[in-house]
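Scroll down for the structure; my scribbles are underneath it.
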Number of protein chains: 2
Amino acid sequence: MNKARIVIAGAGYGGMNTAVTLSKKLGPNDASITLVNKHDYHYQTTWLHEPAAGTLEPDRTRVKIADVLNTSRVNFVQDEVLEVKTDEKKVMLKEGELEYDYLVLALGATAETFGIPGVHEHAFTKWTLNGARQVKDHIDAQFANYNNVEDKHEGLLTFVVAGAGFTGIEFIGELSERVPELCKTYDVPREKVRLFVVEAAPTALPGFDPELVEYAMNLLESRGVEFKINTPIKEVTASGVIVGEGEEIKAETVVWATGVRGNPVIEKSGFEAMRGRVKVNPDLRAPGHDDVFIIGDCALIINEEINRPYPPTAQIAMQMAKTCANNLIALNKGSTDLETFKFDNKGTVASLGGKQAIGVVGSRKIYGGTANFMKKMIDNRALFILGGPLLTLKKGKFPF
Amino acid sequence: MNKARIVIAGAGYGGMNTAVTLSKKLGPNDASITLVNKHDYHYQTTWLHEPAAGTLEPDRTRVKIADVLNTSRVNFVQDEVLEVKTDEKKVMLKEGELEYDYLVLALGATAETFGIPGVHEHAFTKWTLNGARQVKDHIDAQFANYNNVEDKHEGLLTFVVAGAGFTGIEFIGELSERVPELCKTYDVPREKVRLFVVEAAPTALPGFDPELVEYAMNLLESRGVEFKINTPIKEVTASGVIVGEGEEIKAETVVWATGVRGNPVIEKSGFEAMRGRVKVNPDLRAPGHDDVFIIGDCALIINEEINRPYPPTAQIAMQMAKTCANNLIALNKGSTDLETFKFDNKGTVASLGGKQAIGVVGSRKIYGGTANFMKKMIDNRALFILGGPLLTLKKGKFPF
């Protein structure tokens with residue numbers, strides 16, 4: 001008897017949770033499970049605004065894969081996925097290849113630049129643990145430089161966040177909280193620091209309740225954040241960003257947060273995709289590929305209430321992981337009766353730095369301390385689902 | 001085609017979670033689901049030490065069934081279960097009867113008296129919402145009486161907790177925290193109040209780590225709690241408890257917390273049981289009854305590591321609910337491939353009142369603030385599983 005070979009590519013919220021669930025529910029004789037990931041750790045993507053702004057130790061957002069995954073049950077391969085050859089049932093890696101009977105693609109997203117010139121060259125675009133550390137070090141260096149350079153040129157301490165979506169707002173929330181402390185540490189007058197959020201859409205946090213958007217903007221403005229709404233970025237240059245009709249904001253720090261697209265491996269492997277995302281079947285398999293599941297940021301599912309795709313979030317990725325694991329178990333048993341994925345929206349909370357947050361839970365709007373506590377609960381819950389109470393204790397957000 | 005009739009008896013952790021899961025996963029054409037419960041609310045049994053001691057509004061521990069259960073999918077019957085006639089597939093209620101194809105018995109526990117005389121007559125034994133309110137009102141009345149009676153007799157302000165298990169310790173923890181406030185409110189000198197915990201076993205919190213037991217006892221003693229360990233209660237009388245070799249502790253308040261036994265309906269219905277608990281099959285069905293699941297406090301499952309039954313807890317009841325619901329769905333589909341229940345111990349935390357708690361998570365011992373926060377997380381998690389984030393917001397324990 002040949003055991004099915006299940007390969008899971010990517011150790012983000014989708015891949016990790018699929019691997020952990022399968023490792024618990026499938027016995028060693030049921031299937032062989034392989035997880036492949038670039039790093040030997042998983043990180044909490046939704047927390048990255050904190051280490052990026054320097055308000056949380058980067059290590060806190062990271063979980064060693066071997067700490068939460070039973071590696072005697074799951075074979076872990078540290079390598080980078082380059083392409084999937086679906087007709088040969090092979091995943092091509094930088095340093096090898098993996099054959100599969102069932103494949104789970106959970107490769108996450110990369111920054112969407114909308115073809116705007118200069119983004120990759122001059123902006124920080126990597127929303128990864130390494131990317132976050134880079135942003136943090138750069139910010140610190142800009143402050144450190146201030147009293148070491150003769151020419152205190154415009155832009156040295158100007159920070160531009162491109163995009164007022166969830167990520168952009170959470171990042172500027174942290175950074176605006178930290179600026180007073182940075183000014184103190186590096187002897188920089190507060191008025192030398194400028195913080196911009198530039199957004200092409202007619203509102204910050206599109207899709208969020210307008211009352212909450214106003215609350216967030218007022219709060220951030222009170223910390224000195226300047227919003228440029230309805231203002232498309234035309235180009236990113238070495239000295240700043242060109243917006244609107246050619247106006248330049250001089251800035252040596254541009255953080256790109258205008259949205260994401262699916263991992264390029266998806267398109268490279270020949271899956272039909274929109275911005276790198278595959279419109280998956282209700283059972284989360286790729287159309288025409290009965291042996292390939294696509295979950296997380298690379299999967300596109302339509303919210304039928306508003307006839308638009310669900311945004312790619314950790315929440316939906318974790319729920320997909322559950323359905324994906326159940327369906328793999330069913331397939332492995334020889335069943336064809338697969339579960340239909342249904343998103344169960346538990347709500348959304350955006351942190352604004354400090355003890356501030358806003359959110360929507362069901363039809364209820366929440367602010368301030370309550371929202372902040374909910375955010376911590378959400379963060380701890382993700383850890384709990386992944387690694388149980390011990391991981392929560394180790395890496396969780398406790399109020400002391 | 002006849003739809004299967006599923007009847008769930010009891011709306012505690014086991015019954016409620018089974019009902020909620022089934023209501024989400026079975027369509028209206030798959031099965032009819034009926035939940036029967038004495039009250040139109042579920043309550044958090046693990047929180048009852050708080051309203052019983054008067055440190056939490058009783059309503060906070062209660063959840064209206066209609067608030068979390070889709071009552072257009074689940075037929076709710078408010079009535080009391082008296083007996084199950086398994087051969088007729090009927091549940092006999094106080095005011096009627098229910099026919100079933102599949103039955104889930106989740107009827108909870110009652111106090112175990114070990115045949116000690118006077119318990120039912122003179123002690124508080126009902127660990128229910130109504131019982132908790134009764135204890136609280138009685139405590140308040142004893143304090144209120146102090147300055148209204150001539151004869152400040154011994155026992156008026158002596159409070160005895162019988163049993164130093166989980167429930168007894170959590171209750172005395174709350175009460176000892178509240179005593180200073182009660183003394184202030186009612187102008188009672190602190191030294192007039194005595195708090196006893198009487199335990200027949202050679203240690204408090206049997207089964208808990210000795211270091212944690214010592215921490216808990218020291219803390220409680222510092223609040224004036226007197227422990228009588230290794231001291232069996234011989235009788236409860238109108239004026240107190242008789243312990244050891246005939247010594248009497250004069251006490252007008254005796255709270256019974258020596259342990260529980262399964263609901264009497266189990267034995268009355270002819271199931272083979274030990275102290276009201278049925279040793280269920282691995283799929284949680286009663287031996288010899290393919291159509292009856294027994295979960296929660298009435299189910300007995302052996303922890304094979306130590307060859308002793310798992311103690312009845314909310315945690316295990318909630319996990320059983322999940323397996324039970326999955327197995328009902330499988331049976332309803334015509335499958336005979338049922339899931340085996342496996343307890344996944346997430347740890348245990350006992351609150352000690354105030355901001356104090358002790359616990360074990362995996363192999364790690366926790367104390368004080370960390371344990372207290374974990375306890376709140378556990379409490380909130382139970383709400384989250386039952387009713388999602390909105391219920392958590394409404395009834396949860398937030399640190400403000």
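Letters A, B, ... mirror the listed sequences (proteins, then strands); counts begin at 1. Computation of the quantities below employed the complete heavy-atom set of this structure, encompassing side-chain atoms and omitting hydrogens, waters and symmetry-equivalent molecules.
Nearest heavy atoms, A:Leu390 versus B:Gly362: CD1-CA, 4.1 Å. Nearest approach of B:Met374 to A:Pro389, heavy atoms of both residues: CE-CB, 3.8 Å. Nearest heavy-atom pair, B:Lys346 versus A:Phe384, reported as atom, atom and distance to 0.1 Å: CD-CZ, 3.7 Å.
Shown here are the ring pair (Phe, Tyr, Trp, His ring centres under 6.0 Å) partners of B:Phe293, two or more places apart in sequence or in another chain: there are none.
In this structure, B:Phe373 and A:Leu393 have side chains that are not in contact, with every pair of non-hydrogen atoms separated by 4.5 Å or more.
Only the side chain of A:Ile366 comes within contact range of chain B, judged by heavy atoms closer than 4.5 Å.
At a heavy-atom cut-off of under 4.5 Å, chain B is reached by A:Lys333, A:Asp337 from residues 330-345 of chain A, listed in order of number.
Distance check: B:Asn380 CG to A:Met377 CE gives 4.5 Å after rounding to the nearest 0.5 Å.
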